[in-house]
Amino acid sequence: MTLTESPAAPAPSSQRLTTAKAMVQGLELEMARDDSVIYLGEDVGSYGGIFSSTTGLLDRFGPERVIDTPISETAFIGLGIGAAVEGLRPVVELMFADFMGVCLDQIYNHMAKIHYESGGNVKVPMVLTTAVGGGYSDGAQHSQCLWGTFGHLPGMKVVVPSNPYDAKGLIISAVRDDNPVVYMFHKGVMGLPWMAKNPRSMGEVPAGDYTVPIGEASVVREGTDVTVVTLSLSVHHALDVADKLAEDGVETEVIDLRSVVPLDRRAILASVGKTGRLVVVDEDYLSYGLSGEVVATIADEDPGLLRAPVARVANPDVPIPYSRPLEYAVLPRPERIEAAIRKVVGA
Amino acid sequence: MTLTESPAAPAPSSQRLTTAKAMVQGLELEMARDDSVIYLGEDVGSYGGIFSSTTGLLDRFGPERVIDTPISETAFIGLGIGAAVEGLRPVVELMFADFMGVCLDQIYNHMAKIHYESGGNVKVPMVLTTAVGGGYSDGAQHSQCLWGTFGHLPGMKVVVPSNPYDAKGLIISAVRDDNPVVYMFHKGVMGLPWMAKNPRSMGEVPAGDYTVPIGEASVVREGTDVTVVTLSLSVHHALDVADKLAEDGVETEVIDLRSVVPLDRRAILASVGKTGRLVVVDEDYLSYGLSGEVVATIADEDPGLLRAPVARVANPDVPIPYSRPLEYAVLPRPERIEAAIRKVVGA
Amino acid sequence: MTTQAPGRPTPPEQRPPEQPGLPHTPDDETRLGLYRTMVLIRTYEEAILREYHVDKGPGFDIGKGLIPGEMHLSAGQEPVAAGVCAHLSTGDAVTATHRPHHLAIAHGVDMNRMTAEIFGRETGLGRGRGGHMHLFDPDVHFSCSGIIAEGYPPALGQAFAFRRKGTDRIAVAVTGEGAANQGAFHESLNLAVLWNLPVVFVVEDNDWGISVPRSVSTCVPSNATRAEAYGMPAERIEDNAVEAIYDAAGRAVERARQGRGPSLLEIHTLRMWGHFEGDAQAYRVDLTDVPGRDPIPTYERTLKAAGLLDDEAVSNIKAEAATRVEEAVTFAKDSLLPDPADAGKYVFA
Amino acid sequence: MTTQAPGRPTPPEQRPPEQPGLPHTPDDETRLGLYRTMVLIRTYEEAILREYHVDKGPGFDIGKGLIPGEMHLSAGQEPVAAGVCAHLSTGDAVTATHRPHHLAIAHGVDMNRMTAEIFGRETGLGRGRGGHMHLFDPDVHFSCSGIIAEGYPPALGQAFAFRRKGTDRIAVAVTGEGAANQGAFHESLNLAVLWNLPVVFVVEDNDWGISVPRSVSTCVPSNATRAEAYGMPAERIEDNAVEAIYDAAGRAVERARQGRGPSLLEIHTLRMWGHFEGDAQAYRVDLTDVPGRDPIPTYERTLKAAGLLDDEAVSNIKAEAATRVEEAVTFAKDSLLPDPADAGKYVFA
Ligand SMILES: Cc1ncc(C[n+]2csc(CCOP(=O)(O)OP(=O)(O)O)c2C)c(N)n1
Ligand SMILES: Cc1ncc(C[n+]2csc(CCOP(=O)(O)OP(=O)(O)O)c2C)c(N)n1
Ligand SMILES: [Mg+2]
Ligand SMILES: [Mg+2]
């Protein structure tokens with residue numbers, strides 16, 4: 001038993017990979033293609049990333065490009081910013097998004113604002129990778145999603161893959177983007193051998209180079225009765241629930257946002273325009289976050305699209321409890337999602 | 001010309017005070033009543049607070065209770081937390097909310113979570129005061145409101161006074177609350193002699209001790225045609241606009257939220273239930289913030305309450321620009337509020 | 001007790017005279033006490049290790065079992081906890097890190113409720129809300145945080161409050177050597193010296209911050225050198241030597257109690273197991289040396305040589321520890337899990 | 001140039017030999033250059049001061065006038081900028097603070113576009129989006145930040161990139177003495193030494209952080225002492241002495257360029273005016289001394305005594321500066337304000 005992984009085997013033209021391995025493959029391709037891409041963070045070298053985000057990169061690219069840092073997030077994220085300003089394309093890992101509190105200034109006041117403050121004259125082509133999410137009893141300081149917080153603060157794109165294909169395509173897009181991009185991977189979608197897995201955390205991935213556009217949601221399941229707008233691990237749960245409800249004749253459309261910034265409002269409106277019913281499933285905190293924004297998107301445009309009150313399945317503004325029954329009560333577990341859909345469709 | 005103020009004169013039974021002086025008076029009463037109340041922060045001693053939040057307190061209570069700190073927000077906010085845990089009631093000033101990035105961990109992972117993590121066994125009766133808001137060309141790192149960010153993170157109350165009466169009553173409530181309370185004062189409501197003033201930043205304030213309950217919005221203007229939900233400086237603008245629109249026969253109800261956490265959802269629903277139309281005016285960023293949450297509150301309950309699409313007048317996710325015409329374009333200035341109300345009521 | 005105004009450093013002439021602390025040589029009873037504490041901690045960690053792996057399979061799923069989540073155990077670091085906490089009363093504060101058990105036990109945290117917390121039970125210190133990185137026992141002023149170095153600042157506040165109340169209680173703030181590179185470390189040391197706070201800072205140098213060796217994280221050989229640059233007395237203690245720790249901590253604690261201000265101790269200790277359970281430690285070059293550096297048999301030999309211990313005494317002490325620990329484990333297992341309907345309780349007071 | 005792997009300190013035997021830098025004694029032309037730079041900066045700050053107060057009334061409304069918002073001027077701190085930047089080329093980076101004008105001018109930031117930025121014009125360095133605390137001139141690698149000490153970390157990255165590209169360019173990171181108590185300071189110093197980055201850290205000690213004197217913010221007399229605790233050569237330069245600054249900066253810059261790693265200079269300088277414009281400085285006990293400590297007349301006297309300046313040369317230099325500054329002010333005033341419809345432009349590239 002080990003929390004580290006062995007490097008992925010050489011790649012055929014398409015392979016079944018875990019999300020983690022797909023992410024690493026995207027990084028590997030970009031690092032091979034572009035010498036200015038480097039990866040910095042805690043335990044990203046010989047350990048290969050606590051959540052296997054860098055397995056094998058040190059061996060392939062060496063310690064000048066895959067760099068273990070001290071536990072000094074402000075310094076090394078800031079270093080990434082300065083390096084990006086001077087033309088490198090650093091990927092910098094914040095081990096858990098929960099740790100943003102020790103370094104948010106570099107992220108939101110510098111990485112995200114320099115381009116604007118310089119009137120467009122300075123570019124910051126940096127990627128900030130970070131692990132999010134709970135469900136394995138890691139407590140209030142190691143289980144948060146916080147994409148609402150990142151999304152609220154302007155100047156950075158925020159992408160959130162839920163599966164291997166998107167993980168690879170989005171990391172490649174993120175590295176190539178001339179803007180700062182925050183890349184939030186849920187530990188529960190990575191397909192780690194030491195964590196509960198949904199079959200959806202393993203999937204077919206093209207071996208070569210491809211991108212997933214940042215800012216386009218994906219309709220991962222079509223349906224006519226109700227729209228579920230969600231992202232990250234909750235996509236897995238929503239699809240499981242949708243399959244189950246289909247047996248009862250409820251056809252659920254599931255939208256995987258894939259990025260929080262930009263938010264694909266058109267996709268939300270199109271789907272709710274069709275189904276007339278909306279459930280937002282968000283593992284982040286309820287208030288002042290993603291779920292409210294998605295709902296408001298409809299009311300901004302036309303509240304008449306809605307044939308019923310919406311339901312928001314989110315963390316009810318509670319620090320994430322350690323004990324399993326409590327944690328499961330605040331997370332958007334399948335049972336809560338199912339209950340919410342049933343209520344909204346009146347089934 | 002000076003950016004500091006002289007201490008308030010001795011208090012009769014009711015006086016006209018600026019918001020800043022009302023806040024200081026509330027602090028003074030609490031500090032006199034309760035020896036465990038102390039005030040810590042940068043330039044809160046002889047300077048009296050950059051935004052006059054502590055004028056005269058050093059003279060009255062001495063340097064053991066009104067304490068200038070180094071520019072070490074993590075250390076002194078954390079110090080406040082530990083002191084609160086051991087039974088003091090510290091009020092700690094973060095000079096600008098924009099600086100949260102250097103100390104957010106203490107605020108959101110410690111101040112706000114210790115009570116929960118301890119299963120209710122540890123209390124953190126601390127107040128974090130902080131200045132917010134723009135409108136005077138202080139640029140992208142000194143003009144933000146950020147109450148959406150604070151409100152999103154659970155475990156702290158967030159109060160936002162807009163006028164002298166509430167400023168005093170809320171600071172007294174905040175100090176007496178056994179929970180951490182973030183007290184966000186907009187520089188533009190303080191009535192500072194060196195900043196643009198709305199007449200509403202000066203008002204009648206009872207001399208003695210009183211509280212304003214945390215979590216109750218206030219209907220600051222009744223109306224029948226449209227509800228404006230807002231807070232802080234935007235209340236002043238909304239009232240000005242409402243007066244103007246009344247001349248055209250549009251009766252605007254204005255709700256001053258006064259606190260972001262808890263959010264008085266009942267007050268919002270009651271008013272929109274009456275008017276059928278909603279404009280949210282929020283100086284914070286548009287996406288994933290307060291405006292979305294207020295709108296979602298209606299859709300959660302009954303989207304049918306709304307007779308028209310809502311309007312959100314907020315910062316359109318732009319770092320706050322320095323140059324006046326640009327800054328005015330992103331702030332919810334009266335012109336934008338007026339246009340939004342007219343659009344929603346079709347006038 | 002000084003009553004100097006915080007925010008103004010006490011002028012040197014108003015400070016109690018600086019005297020090099022007298023050595024704190026443990027007497028026989030204290031030496032046995034240090035040993036007993038170390039054995040109790042190790043016994044505890046072995047029990048948690050055992051329980052942690054129950055029902056994690058097939059394979060290893062971190063979220064499963066009686067004790068889910070990350071688990072950072074302190075085997076090998078017992079000398080730090082025993083040596084430092086021997087000088088404290090329950091009125092003093094200790095703030096620990098993600099790796100807190102040894103300090104909690106040595107400082108007298110209620111072991112039943114601590115164990116119940118680790119098992120996520122309603123009878124736990126935090127009613128199951130906190131978990132093993134969030135143990136709060138206000139009865140003995142114990143707390144911890146899972147965020148690197150962020151336990152230092154609240155300790156300053158506890159020290160501040162203790163002084164303001166006119167007591168001679170002190171705060172002990174502990175972090176790892178990796179943590180000493182976090183900004184909070186610097187800010188805390190400055191503020192503690194500036195306000196002459198009764199704090200003892202402890203850096204547990206176990207050579208590793210997860211997989212990153214000290215040489216890759218820290219630009220200087222000793223954090224004691226750094227502390228001196230804040231005008232603070234500081235020592236580095238080598239070899240995980242419990243009596244040397246006891247001595248240095250005694251002087252630092254005395255200094256803080258007497259109002260003479262903060263000190264820092266960097267203690268070279270040993271992480272015997274993985275960073276967390278499940279860590280395969282492939283990165284770890286020093287692994288074969290580890291068993292030989294175990295501080296408990298080492299100290300056992302010392303005490304035996306001094307005629308204070310024999311095999312029978314050792315086995316009595318170990319049996320006593322086992323009884324105590326199994327009682328706590330049983331208490332935890334016999335306790336109820338929290339009611340999911342109460343998940344929202346205790347967000348606000 | 002070393003090519004050591006970041007993340008691993010260069011083993012001492014692979015580092016270029018440590019040689020005490022030779023003194024950098026400015027020659028006559030350089031001395032005149034230092035003086036000219038100082039005069040240009042002062043002339044600039046006086047012009048900004050004048051323009052800042054235009055149309056602020058009746059009374060004083062910080063949001064009004066041609067230049068609204070906070071204004072932190074650097075009069076008195078010219079020796080730092082002149083002495084340090086004299087060693088830099090436009091390929092080197094300088095990151096400054098909320099008080100950036102002196103450094104911007106000395107480092108050769110385009111004065112017209114800088115002034116236009118301060119006036120909030122579309123022709124400004126940041127097209128009016130940034131303002132006086134956010135001057136970015138990529139042509140000379142100049143940047144600044146209004147958040148205390150948070151300009152240090154990006155400077156590390158600039159230095160890192162310069163080295164990675166195989167150049168001998170360096171980064172200079174500047175903060176005030178108040179800022180040296182922020183966590184970012186500590187983290188940056190550690191990382192710079194650890195990775196042997198070509199950085200020169202500069203602490204401008206002007207005795208005050210707004211109203212807080214150094215003794216109330218900083219537990220040690222010198223940040224040079226602190227820097228040495230990171231294993232970094234460091235010096236404190238007293239008396240705002242431009243030639244001593246030039247000398248020390250010369251050695252530090254040379255060291256960085258040669259791949260021998262970072263250094264720190266703490267320079268005792270003088271904030272002649274308020275923290276920001278409008279600051280009545282009631283707290284300021286040293287105010288009467290200020291005029292006598294003005295570094296420009298002092299240096300003028302030195303150069304006159306050395307026969308390098310006479311009254312005519314002085315007035316020529318001042319006239320030249322005035323012409324240059326007024327040209328910039330005119331450029332700014334003649335430029336258009338940005339179109340409000342473009343407020344959302346440049347959020348993303
Ligand atoms: C701010 C922050 N960054 C990173 C982490 C992740 N993390 C947890 S423990 C650890 C290593 C800590 O090393 P050290 O301080 O030496 O303590 P040790 O684990 O050796 O006891 C890291 C990086 C964290 N918890 N907080
Ligand atoms: C993190 C942070 N805290 C507080 C401030 C507010 N502030 C701006 S300048 C200043 C004083 C800075 O003092 P110093 O570093 O000595 O620089 P000086 O102003 O003297 O040049 C303060 C507290 C800030 N900008 N950022
Ligand atoms: Mg360690
Ligand atoms: Mg200063």
Side-chain angles (χ1 to χ4, degrees), chain C residues 4-12 15 147-150 152-153 156 177-197 199 209 211-234 236 261-262 264 266 283, chain D residues 4-12 15 147-150 152-153 156 177-197 199 209 211-234 236 261-262 264 266 283:
Chain C
Q4 131 254 4
R8 310 197 169 168
T10 320
R15 297 193 190 185
I147 307 296
I148 287 303
E150 296 281 327
Y152 267 19
L156 303 182
E177 92 296 336
N181 300 306
Q182 182 69 223
F185 175 84
H186 168 70
E187 296 190 8
S188 299
L189 266 58
N190 182 57
L191 200 55
V193 172
L194 202 60
W195 293 4
N196 200 38
L197 295 171
V199 184
S211 72
V212 177
R214 183 187 169 107
S215 61
V216 173
S217 73
T218 310
C219 69
V220 286
S222 166
N223 279 300
T225 318
R226 278 187 178 163
E228 282 162 8
Y230 296 83
M232 187 187 301
R236 182 172 162 93
L264 183 141
E266 177 164 82
Y283 55 83
Chain D
Q4 131 252 7
R8 313 199 167 165
T10 318
R15 298 194 189 186
I147 308 294
I148 287 303
E150 297 281 329
Y152 267 21
L156 303 181
E177 91 296 336
N181 300 305
Q182 182 69 223
F185 175 85
H186 168 69
E187 296 189 8
S188 300
L189 266 57
N190 181 58
L191 200 55
V193 173
L194 202 60
W195 293 4
N196 200 37
L197 294 171
V199 183
S211 71
V212 177
R214 183 188 170 106
S215 60
V216 172
S217 73
T218 309
C219 70
V220 285
S222 166
N223 279 301
T225 317
R226 279 186 177 163
E228 282 163 6
Y230 296 82
M232 188 188 299
R236 181 171 162 94
L264 182 141
E266 177 165 80
Y283 56 82

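Lettering follows sequence order; numbering is per chain, from 1.
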Identify which part of C:E228 has an atom lying under 4.5 Å from any heavy atom of chain D, answering side chain, backbone, both or neither.
neither
So for C:A180, is it side chain, backbone, both, or neither that comes closer than 4.5 Å to the heavy atoms of chain D?
backbone
With chain C, which of D:A229, D:P213, D:A227, D:A192 has the greatest number of heavy-atom pairs at distances under 4.5 Å?
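Winner by heavy-atom pair count: D:A229.
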Which heavy-atom pair separates D:H186 from C:Q182 by the least distance, and what is that distance?
CD2-O, 3.4 Å
Heavy atoms of D:N190 and C:R226 approach each other most closely as OD1-NH2, 2.8 Å
Identified side chain to side chain contact (heavy atoms under 4.5 Å, CB included) counterpart of C:C219 within the set D:N196, D:L194, D:L191:
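Of the listed residues D:N196, D:L194, D:L191, the side chain to side chain contact (heavy atoms under 4.5 Å, CB included) partner of C:C219 is D:L194.
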